[in-house]
Amino acid sequence: ALNGNVISGAITSGDLGGLLAARNQVINPALNQLGQVATALSQTVNSQQAAGLDLNGQFGAPIFSVGTPQAVASSRNTDATTATVSVNPTGLGALTADSYVLSYNAGAYSLTRAADGSSVAFTGTGTAGNPITANGISIVLSGTPAAGDQFSIQPTATAASSLKVVLTNPSKIAAAGAVQASASNANTGDAIISGGTTLDAANPNLLNPATITFSNATTYSINSGPNQTYTDGANIDFNGWEVQISGAPAAGDVLTVTSNAGGTGDNRN
């Protein structure tokens with residue numbers, strides 16, 4: 001910048017123009033793409049790690065850490081409003097390698113791609129309860145910006161350089177499934193139950209014991225709850241876990257789902 005004015009666009013030839021072109025057209029996109037991979041790797045592995053239990057019977061702690069996305073207010077902004085950007089854990093498939101410019105004018109926000117100025121569709125108002133969301137990211141403003149304020153949003157630019165392994169104790173690898181399931185030895189039917197998978201590791205009841213009881217061959221209840229129709233092989237979801245029961249149960253048959261703490265040698269996760 002010169003006297004507060006950006007002059008990069010005016011430098012199009014010579015050694016300096018070549019360096020700027022290499023930065024804008026090759027280096028920055030490559031860093032963003034590497035950061036996209038690093039962010040997806042970190043969040044995907046950590047999410048799976050959190051769905052299982054380690055050798056101490058604890059939910060898995062993160063294996064990787066990655067730096068937070070960058071949100072920088074323009075030096076020309078006329079107030080102190082700040083922006084915070086995060087990658088949505090459930091929106092990794094929508095995350096791109098783009099950087100963005102968030103602008104506020106005439107009482108409304110606009111979001112554009114930094115590379116070409118094209119408009120990006122978004123939802124939300126920028127508050128903590130209703131963040132601006134687009135392409136797998138969320139943006140929260142500390143307050144209402146002044147007219148003309150702009151923010152540079154770089155979701156993945158520094159992610160690759162900041163990626164690191166933070167779990168060093170191999171006993172804390174959460175290889176075991178969080179829950180285990182079994183059929184009572186007293187059952188008279190031939191129904192079998194799958195080992196169980198985690199749908200929601202944050203469910204506070206995930207590891208609480210659950211009893212599936214069949215009142216007849218086609219009806220069951222969980223923990224004495226409402227009757228449900230049994231379908232051979234269908235998914236049964238409860239307390240953040242999922243199992244499948246197959247075969248022909250008999251009236252009075254009982255199947256249980258419990259914590260898998262102590263599941264040494266269980267590598268289902």
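Scope of the values below: all heavy atoms of this structure, side chains included, with no hydrogens, waters or symmetry mates. As the structure is a prediction and not an experimental result, all values here were calculated from the model.
Atom CG in N130 sits 7.0 Å away from atom OG1 in T123 (nearest 0.5 Å). Atom CD1 of residue I63 and atom OG1 of residue T168 lie 11.5 Å apart, to the nearest 0.5 angstrom. To the nearest 0.5 angstrom, S194 atom OG is 10.0 Å from L255 atom CG. For the atom pair T211 OG1 and I222 CD1, the distance stands at 10.0 Å (nearest 0.5 Å). Once rounded to the nearest 0.5 Å, the distance linking CD of Q228 with OG1 of T219 reads 10.0 Å. In this structure, Y109 OH and I132 CD1 are separated by 5.5 Å, a value rounded to the nearest 0.5 Å.
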Working for side-chain hydrogen bond (donor to acceptor under 3.5 Å, both in side chains), residues N105 and S103: CA-CA 7 Å; N105 283 291; S103 304; 5.0 Å; no
Verdict with reasoning, L102 to L141, per side chain to side chain contact (heavy atoms under 4.5 Å, CB included): CA-CA 11 Å; L102 178 67; L141 285 301; 3.9 Å; yes
I193/I212 under side chain to side chain contact (heavy atoms under 4.5 Å, CB included): CA gap, chis, key distance, verdict: CA-CA 10 Å; I193 188 170; I212 302 172; 4.2 Å; yes
Side chain to side chain contact (heavy atoms under 4.5 Å, CB included) between V101 and F151, intermediate numbers included: CA-CA 6 Å; V101 175; F151 304 85; over 6 Å; no
Full working for side chain to side chain contact (heavy atoms under 4.5 Å, CB included) between K172 and N56: CA-CA 7 Å; K172 292 186 179 297; N56 299 312; 4.0 Å; yes
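Between L206 and W241, some side-chain heavy-atom pair lies under the 4.5 Å cut-off. In this structure, the side chains of T258 and Q180 come closer than 4.5 Å at one or more pairs of heavy atoms. In this structure, I153 and I139 have side chains that are in contact, with non-hydrogen atoms separated by less than 4.5 Å. V179 places a side-chain heavy atom less than 4.5 Å from the side chain of L207. For the pair L41/L163, a side-chain contact is recorded, criterion being any heavy-atom separation below 4.5 Å from C-beta on. Using a 4.5 Å heavy-atom threshold, the side chains of T156 and S99 count as separate. Between L53 and Q58 there is no side-chain heavy-atom pair separated by less than 4.5 Å. Side-chain atoms of L95 and T39, non-hydrogen and from C-beta on, do get closer than 4.5 Å to each other.
There is a side-chain donor-acceptor pair under 3.5 Å between D79 and T81. Side-chain contact check for N88 and S138: at least one donor-acceptor pair (N or O, by modelled atom type) lies under 3.5 Å. Side chains of N77 and Q150: no donor on one and acceptor on the other come within 3.5 Å.
What you find for N260 and G177 is that their closest heavy atoms are ND2-O, 2.9 Å.
Linking ILVMFWY side-chain heavy atoms closer than 4.5 Å, directly or via other members, places F122 and V85 in a single hydrophobic cluster. In terms of hydrophobic clustering, with Ile, Leu, Val, Met, Phe, Trp and Tyr side chains grouped at heavy-atom distances under 4.5 Å, V243 and L199 are assigned to different clusters. The cluster map of Ile, Leu, Val, Met, Phe, Trp and Tyr, joined by side-chain heavy atoms under 4.5 Å apart, puts Y104 and Y100 in the same cluster. Side-chain heavy atoms closer than 4.5 Å link hydrophobic residues (I, L, V, M, F, W, Y) into clusters, and following such links, possibly through other members, connects L92 to I137. Linking Ile, Leu, Val, Met, Phe, Trp and Tyr whenever their side-chain heavy atoms come within less than 4.5 Å leaves V45 and F59 in two separate clusters.
The closest donor-acceptor contact from the side chain of D149 to the backbone of A146 lies under 3.5 Å.
Judged as a salt bridge (Lys or Arg N to Asp or Glu O under 4.0 Å), the pairs with a partner in residues 95-104 (not counting sequence neighbours) are, in order, D98-R113.
Note on ring orientation: taking the six-membered ring where Trp is involved, the planes of Y230 and Y220 are perpendicular (angle over 60°, cut-offs 30° and 60°).
None of D54, L167, N269, N267 except one satisfies the side chain to side chain contact (heavy atoms under 4.5 Å, CB included) rule with I173; the exception is L167.
Annotation: salt bridge (Lys or Arg N to Asp or Glu O under 4.0 Å) contacts of D266 (sequence neighbours excluded): R268.
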